[in-house]
Amino acid sequence: MNIVRWLERAARYHPEAAAVARGTSVHHTYHSLLRRVSWMASGLRNRFRLQPGDRVAVAMTNCVEAIETFYAIWHAGLVAVPMNAKLHPREFAYILDNSGAALCLCTDDLAEDIESVRADCPNLKAVIVVGSKDYKRLGPGDPIGLQDRAAGDIAWLFYTSGTTGRPKGASLSHRNLIEMTQSYLMEVDDPGLNAPILHAAPVSHGSGLYNFPFLLRAGIQIIPESGRYEPDETMALANHWRNMSMFLAPTMVKRLVEHPAASELKPGAIRTIVYGGGPMYVADIKQGMARFGDIFAQIYGQGESPMTITTLSRAEHMNRSHPRWEQRLASVGRAYAGVEVRITDENGVDLPEGEIGEIVVRGDVVMAGYWNDPAATAKSLRDGWLFTGDMGSFDADGFLSLKDRSKDMIISGGTNIYPREIEEVLLRHPAVLEASVVGRPHPEWGEEVVAFVVAGEGKQVAPAELDALCLGNIARFKRPKDYKFVASLPKNNYGKVLKTELRKLV
Ligand code: AMP
């Protein structure tokens with residue numbers, strides 16, 4: 001089944017409902033979106049002689065055209081290759097070449113970057129800039145019918161954010177996306193008919209994946225006018241549309257919570273903030289709930305099992321009287337119903353409850369493999385299980401604690417130290433805004449713990465205070481041997497802290 005059936009369905013049952021908005025103005029109803037999508041699909045297929053399964057890259061700063069472009073690609077039976085707008089031209093070149101994209105649709109601000117690497121992408125027939133004559137000529141015209149797709153056919157090549165190496169294209173099928181959507185509606189939140197979702201985070205990644213549950217409910221995809229994440233714009237749009245949902249990385253949640261205008265958010269303006277993609281510290285989520293109330297749900301997933309491995313529901317966030325409430329807040333929740341999750345040792349053997357090992361996942365949401373990369377696929381997919389590269393352990397109630405990725409684990413004196421545990425403690429200090437912990441080579445111990453600390457605006461903190469905090473909360477050997485105070489932490493385009501960069505600094 002082609003996932004665009006959901007667009008047809010919404011257009012048949014709710015033709016006049018708003019489908020896409022720029023800021024506060026409606027750009028498409030479902031009727032006009034489907035019409036535009038089928039025109040564009042015909043333009044893509046006929047003008048460029050593309051065949052079902054051909055790849056079309058999308059390099060766009062968040063904009064309303066990104067939504068119609070994705071659906072036009074799928075309508076035409078093609079494969080979308082969304083690229084993060086903030087990538088370096090060399091990274092664009094890598095993805096364009098690796099995916100063998102035949103076309104690239106981009107926004108004006110990225111056109112020069114894409115053109116500059118065109119010579120390195122032999123399969124690329126054309127670059128079409130949003131708003132240009134070529135873009136407009138993709139419609140109106142003769143619409144084509146919806147192309148039939150098998151559920152296992154690839155819809156989206158999801159390039160991983162590459163915090164630990166070259167990005168890899170997780171091949172996501174229509175079935176994977178359908179399963180992800182149903183899991184969201186069943187276990188994270190069902191927003192009901194015509195509900196709005198704000199794409200404050202890049203639509204090339206998690207926020208874009210979450211368009212589907214809202215499309216299925218004939219909801220409104222709202223693109224901020226700035227095309228970026230601006231906390232005050234986010235709050236103004238939530239106040240305008242009300243009942244808003246959005247997906248944010250934990251660092252984006254923190255910016256929203258700490259924004260001076262946070263108190264202007266009206267009750268009922270935000271329905272749900274789903275966070276994930278990186279660690280949310282207990283101190284931060286508690287601050288978020290104190291500020292905005294019970295609007296949070298967490299997901300843990302990765303491009304290879306999009307948005308869907310475990311979830312910590314809104315109800316679990318609210319369960320304050322539970323004796324293990326804080327431990328649960330520190331966890332990534334329980335496995336979705338549609339996936340099996342195990343913890344294994346390095347030989348793939350199951351580990352008992354409480355023991356830390358690699359998280360492995362199986363289910364209809366799990367990718368078919370990495371595009372054009374059989375070696376990486378064979379490493380990640382074994383006997384039908386996805387080896388996530390993430391370390392974690394289950395507690396007796398089935399809540400999964402995510403430890404750091406195996407590459408970020410510190411081994412000191414032969415003992416494993418998980419940086420997150422130390423970061424959680426440092427963040428309890430009222431003057432600490434952000435903290436990130438890495439290992440530094442040590443002749444005797446192998447590695448020693450070093451903490452990078454960002455102090456809050458106008459605040460100061462002494463290493464001795466942080467030391468005392470650590471000694472009061474965690475084993476002595478885990479305490480950082482050095483504190484480095486920095487103005488900010490290096491982050492990638494999705495707001496994830498780049499520990500590889502921090503390790504270079506020590
Ligand atoms: P990506 O495939 O680029 O979305 O990155 C996925 C990775 O982000 C996962 O493998 C985890 O290491 C991390 N991640 C995702 N969700 C969470 C979460 N809720 N808490 C902590 N880390 C997360």
Side-chain angles (χ1 to χ4, degrees), residues 82-84 86-87 91 95 156-172 176 180 184 187-188 201-210 247-254 273-282 284-285 288 296-313 316-317 328-336 339 341 356 358-361 365-367 370-371 376 380 386-393 399-409 418-421 423-424 427 436 491-500:
M83 301 193 285
N84 186 297
K86 289 194 193 145
L87 292 183
E91 295 171 302
I95 295 176
W156 182 318
L157 288 189
F158 186 103
Y159 276 83
T160 56
S161 48
T163 45
T164 52
R166 275 231 184 263
K168 297 189 285 284
S171 304
L172 303 180
N176 295 151
M180 177 202 72
Y184 179 91
E187 294 192 54
V188 180
V203 291
S204 56
H205 214 75
S207 194
L209 286 167
Y210 273 167
F247 172 73
L248 299 179
T251 50
M252 297 166 90
V253 175
K254 198 171 165 78
I273 293 180
V274 183
Y275 64 88
M280 171 64 96
Y281 300 100
V282 174
D284 290 342
I285 187 62
F296 293 99
Q298 181 184 191
I299 62 99
Y300 156 54
Q302 53 177 208
E304 296 82 345
S305 184
M307 312 304 264
T308 315
I309 298 175
T310 62
T311 178
L312 187 72
S313 68
E316 281 143 7
H317 279 81
R328 289 180 172 185
L329 282 184
S331 81
V332 291
R334 302 202 229 208
Y336 281 90
V339 291
V341 183
I356 299 167
E358 183 165 358
I359 301 164
V360 305
V361 192
V365 73
V366 172
M367 67 164 184
Y370 293 114
W371 183 263
S380 288
L386 169 71
F387 283 69
T388 61
D390 289 322
M391 307 292 284
S393 64
F399 286 81
L400 180 67
S401 277
L402 201 62
K403 305 295 170 183
D404 302 81
R405 292 186 76 83
S406 38
K407 291 186 184 79
D408 292 329
M409 193 174 76
Y418 294 95
R420 169 147 184 194
E421 200 186 341
E423 292 158 3
E424 291 274 10
L427 281 161
S436 188
K491 296 189 183 125
N492 75 2
N493 301 321
Y494 301 102
K496 295 192 200 204
V497 175
L498 288 168
K499 294 211 169 187
T500 35

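Order of appearance sets the numbers: ligands from 1, and atoms from 1 within every ligand. Bear in mind that the values here come from a model prediction, so they are computed numbers and not experimental data.
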Note to self: List ligand 1 atoms under 4.0 Å from H205, heavy atoms only on the residue side.
What the structure shows: 1 (P), 3 (O), 4 (O)
Notebook entry, point to check: Under the 3.5 angstrom rule, does the side chain of K168 hit a backbone N or O of T160 as a donor-acceptor pair?
Noted result: no
Next item on the list: For P279, counting its heavy atoms only, list the atoms of ligand 1 lying under 4.0 Å from any of them.
Entry: 20 (N), 21 (C), 22 (N)
Note to self: Polar contacts were defined as any N/O atom of the residue lying under 3.5 Å from an N/O atom of the ligand; does this apply to D390 and ligand 1?
What the structure shows: yes
Check: Do any nitrogen or oxygen atoms of L402 come within less than 3.5 Å of a nitrogen or oxygen of ligand 1?
Finding: no
Note to self: Suppose I only count heavy atoms of G303 and a 4.0 Å limit; which atoms of ligand 1 are within that range?
What the structure shows: 1 (P), 2 (O), 4 (O)
Next item on the list: Return yes or no for this condition: an N or O of G276 is under 3.5 Å from an N or O of ligand 1.
Entry: no
Checklist line | Smallest separation among heavy atoms of I356 and Y418, with atom names | finding: CG2-OH, 3.2 Å
Notebook entry, point to check: What closest approach, in Å, do P279 and R420 show between heavy atoms, and which atom pair accounts for it?
Noted result: CB-NH1, 3.7 Å
Item checked: Pairwise distance CD(Q298) to CD(E316) - rounded to 0.5 angstrom -> 10.5 Å
Next item on the list: Compare every heavy atom of T310 with every heavy atom of V332, then report the nearest pair and how far apart it is.
Entry: O-OG1, 2.8 Å
Margin query: Among G278, G392, A249, P167, which one puts a heavy atom closest to atom 18 (C) of ligand 1?
Written below: G278
Next item on the list: Before signing off on this row, confirm whether K496 and ligand 1 have an N or O atom pair separated by under 3.5 Å.
Entry: yes
Check: Which ligand 1 atoms are under 4.0 Å away from a heavy-atom of Q298?
Finding: 18 (C), 19 (N), 20 (N)
Check: Considering distance alone, does some N or O of Y275 sit under 3.5 Å from an N or O of ligand 1?
Finding: no
Next item on the list: Please determine if T388 has a nitrogen or oxygen closer than 3.5 Å to a nitrogen or oxygen of ligand 1.
Entry: no
Next item on the list: Write down the atom of S204, the atom of P82, and the distance for their closest heavy-atom approach.
Entry: CA-CB, 3.7 Å
Checklist line | Heavy-atom side-chain proximity of P250 to D284 below 4.5 angstrom | finding: no
Next item on the list: Below 4.0 angstrom from a heavy atom of G301, which ligand 1 atoms are there? Numbered from 1 as shown, please.
Entry: 6 (C), 9 (C), 15 (C), 16 (N)
Next item on the list: Compute the minimum heavy-atom distance from I299 to ligand 1 and say whether it is under 4.0 Å.
Entry: yes
Note to self: Tell me whether the rings of F296 and Y275 are parallel (<30°), tilted (30 to 60°) or perpendicular (>60°).
What the structure shows: perpendicular
Check: Taking side chain as C-beta onward, heavy atoms only, is S380 less than 4.5 Å from Y370?
Finding: yes
